[in-house]
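In what follows, every chain begins at residue 1, and chains take the letters A, B, ... in the order their sequences are listed.
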There are 2 protein chains.
Amino acid sequence: MNLEIISSNKSFGGWHKRYRHRASVLSCEMNFAIYLPPQALSGQKVPVLYWLSGLTCTDENFMQKAGAQCIAAELGIALVVPDTSPRGEGVADDPSYDLGMGAGFYINASQSPWREHYQMYHYVTRELPEIIETYFPVSTRRAISGHSMGGHGALIAALREPGRYRSVSAFSPISNPSRCSWGQKAFSAYLGSHPLQWQEWDACQLLRRYESKPEIKPLPMLVEVGLDDPFLSEQLQIDALIDAAASSGWPLTLNCHEGYDHSYYFVASFIETHLRFHARYL
Amino acid sequence: MNLEIISSNKSFGGWHKRYRHRASVLSCEMNFAIYLPPQALSGQKVPVLYWLSGLTCTDENFMQKAGAQCIAAELGIALVVPDTSPRGEGVADDPSYDLGMGAGFYINASQSPWREHYQMYHYVTRELPEIIETYFPVSTRRAISGHSMGGHGALIAALREPGRYRSVSAFSPISNPSRCSWGQKAFSAYLGSHPLQWQEWDACQLLRRYESKPEIKPLPMLVEVGLDDPFLSEQLQIDALIDAAASSGWPLTLNCHEGYDHSYYFVASFIETHLRFHARYL
């Protein structure tokens, strides 16, 4: 495994670093960013918050815009941010912003021409954490969060494998992709048109599955939404998330904020709340 | 005066807004950004920190990357960020990144073809503050700060008119533009080749002028530099700033940080220090 360093910036006493590597499950080169807090530099193995970004983003948006490093440095949490899809020559793409590169949806594609590279679920939940835990001074205490498409990614990762993460949070998540146009478009392309194939990748449907599994201890879940988010009712389907959590008895903490929208100005305003939430369980 | 709103995002209980307007001293349309903290929304007239950005930037870089809104909201300070040069069709430009659009250097150009539009000093110190103080709930308590080329801009604005600002700070400022290649290139183009014309626009030369004016009370000045900044010795000439401040008895507080570079990761790491510094005088 060859980790090529792209850039390195000191930040709040720690280091923000970008790397490039060959991702075997994606069959392409990928960039990721890591923020190592000061505690990691003095020999401590720190826990990791994985952050999944939204449509059109790369590993850079969150690190540049969310202002998370300040609090991560205080709390001693590493931040890891993957790209949002496979990229590069030979990787299938689509001219629209909500399919193909920049729109991997954190699922494992089963359909041609996507399946060769679009295995983002496997990448963000397995291959990338293995690299992080091998090459960086981090523990296996993991939390996951994300924004919009990345909020969907964080929720499904936590719900599919609750033992892997100690807590999950999301900003403005696409909560019920089977029932919104962003999700239906991506799932049809990546998974095929039969909605049965979609259940495994839809936070609301995954939540309802816990109705029949009272033996599983739910992990803490925090969701933040802006009430002036233009995507709130149609694409995010937060009401469906509330219903699904209620019906399966999953303890969801939902914070709604008047006047806030879908942008990183919203994420930055409440990222401290989320980092302190995760710190309680990490 | 027609202020056209471009965008509006709630942020830390206040509002980040971008506007477009006709700038009469620049003879072109200009964008600027303002962050109004929560205190401004409840009827209080808040003080303003003007932020001048560096080469290639617009009004957006600082607002997206510095993480300043969090502290500005706590302290009740508005942030105003102009663009870094005139722009648009008919505005003189140059293919290089360090001359023309994105590189206005916050001076008033005297040479053709620049003088028609490149009157950025007048714009950021006069025309824009007049607009801000007319149309927004702010007081006339002003401070000024900036990064790199914008650090130079902040220093010269404060030194030329100490009564206009209550405090000045800078990150990685181009401190002695007459003696570095960035400054020499820009000053030759905008001001002509005679270095006598440059004295009025060079922080070190302006500082030395105070040797002969002990009656003027110096305003508080804070400068932050990263010791791994690749531009530190050649372009920023911080040593010359230290010498000039010492020789004129100007109280300069200079913080040097090992490992930090020239990026917004550096600015973000210490913006809280600067906002709290300005708050003491605002």
Side-chain angles (χ1 to χ4, degrees), chain A residues 6-18 33-38 41 57 60-74 79 81 171-172 224-230 232 255-276, chain B residues 6-18 33-38 41 57 60-74 79 81 171-172 224-230 232 255-276:
Chain A
I6 300 171
S7 64
S8 180
N9 311 91
K10 196 166 181 182
S11 165
F12 290 96
W15 287 89
H16 166 255
K17 290 169 185 274
R18 300 184 68 214
I34 184 167
Y35 176 69
L36 288 168
L41 314 176
C57 290
E60 296 198 281
N61 307 64
F62 176 79
M63 289 300 204
Q64 293 180 348
K65 295 181 173 179
Q69 293 90 342
C70 174
I71 314 298
E74 178 200 322
L79 307 170
V81 184
F171 289 77
S172 330
E224 214 79 19
V225 295
L227 294 177
D228 275 14
D229 186 327
L232 188 63
N255 297 328
C256 299
H257 300 278
E258 215 170 310
Y260 286 88
D261 61 20
H262 198 72
S263 71
Y264 265 97
Y265 291 107
F266 164 59
V267 174
S269 297
F270 299 101
I271 193 70
E272 178 172 353
T273 307
H274 282 237
L275 285 166
R276 293 196 189 283
Chain B
I6 300 170
S7 64
S8 180
N9 310 90
K10 196 166 183 182
S11 165
F12 290 95
W15 287 89
H16 166 256
K17 289 168 185 276
R18 300 183 68 213
I34 184 167
Y35 176 69
L36 289 167
L41 313 177
C57 288
E60 297 199 280
N61 307 64
F62 176 78
M63 290 298 205
Q64 291 180 348
K65 295 180 175 181
Q69 293 90 342
C70 174
I71 315 298
E74 179 201 323
L79 306 170
V81 184
F171 289 79
S172 330
E224 213 80 19
V225 294
L227 294 177
D228 276 14
D229 187 327
L232 188 63
N255 297 328
C256 299
H257 299 279
E258 215 169 311
Y260 286 88
D261 60 22
H262 197 71
S263 71
Y264 266 97
Y265 290 106
F266 164 59
V267 174
S269 297
F270 300 100
I271 193 71
E272 178 172 353
T273 307
H274 283 237
L275 285 165
R276 294 195 188 282

Are C57(A) and F62(A) close enough, and set up right, to give a side chain to side chain contact (heavy atoms under 4.5 Å, CB included), and what steps lead you there?
-> CA-CA 9 Å; C57(A) 290; F62(A) 176 79; over 6 Å; no
Take S263(B) and D261(B) through the side-chain hydrogen bond (donor to acceptor under 3.5 Å, both in side chains) test and state the conclusion after the steps.
-> CA-CA 6 Å; S263(B) 71; D261(B) 60 22; 2.7 Å; yes
Mind checking side chain to side chain contact (heavy atoms under 4.5 Å, CB included) for Q64(A) and listing every partner two or more places apart, or none if nothing turns up?
->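 Side chain to side chain contact (heavy atoms under 4.5 Å, CB included) check on Q64(A) returns E60(A), K65(B), Y265(B).
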Pull out the residues in residues 267-275 of chain A that come under 4.5 Å of chain B, heavy atom to heavy atom, sorted by number.
->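 The residues closer than 4.5 Å to chain B, in numerical order, are A268(A), S269(A).
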Between Y264(B) and chain A, which part of the residue has a heavy atom less than 4.5 Å away: side chain, backbone, both or neither?
->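 Neither part.
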N9(A) pairs by side-chain hydrogen bond (donor to acceptor under 3.5 Å, both in side chains) with which of R18(A), K17(A), H16(A), Q69(A)?
->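 It is H16(A); the other options fail the test.
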Between Y35(A) (side chain) and S11(A) (backbone), is there a donor-acceptor pair under 3.5 Å?
->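 Yes, the answer is positive, given that a donor and an acceptor are paired below the 3.5 Å cut-off.
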What do the steps show when you test D229(A) against F266(A) for side chain to side chain contact (heavy atoms under 4.5 Å, CB included), and what is the final call?
-> CA-CA 9 Å; D229(A) 186 327; F266(A) 164 59; 5.8 Å; no
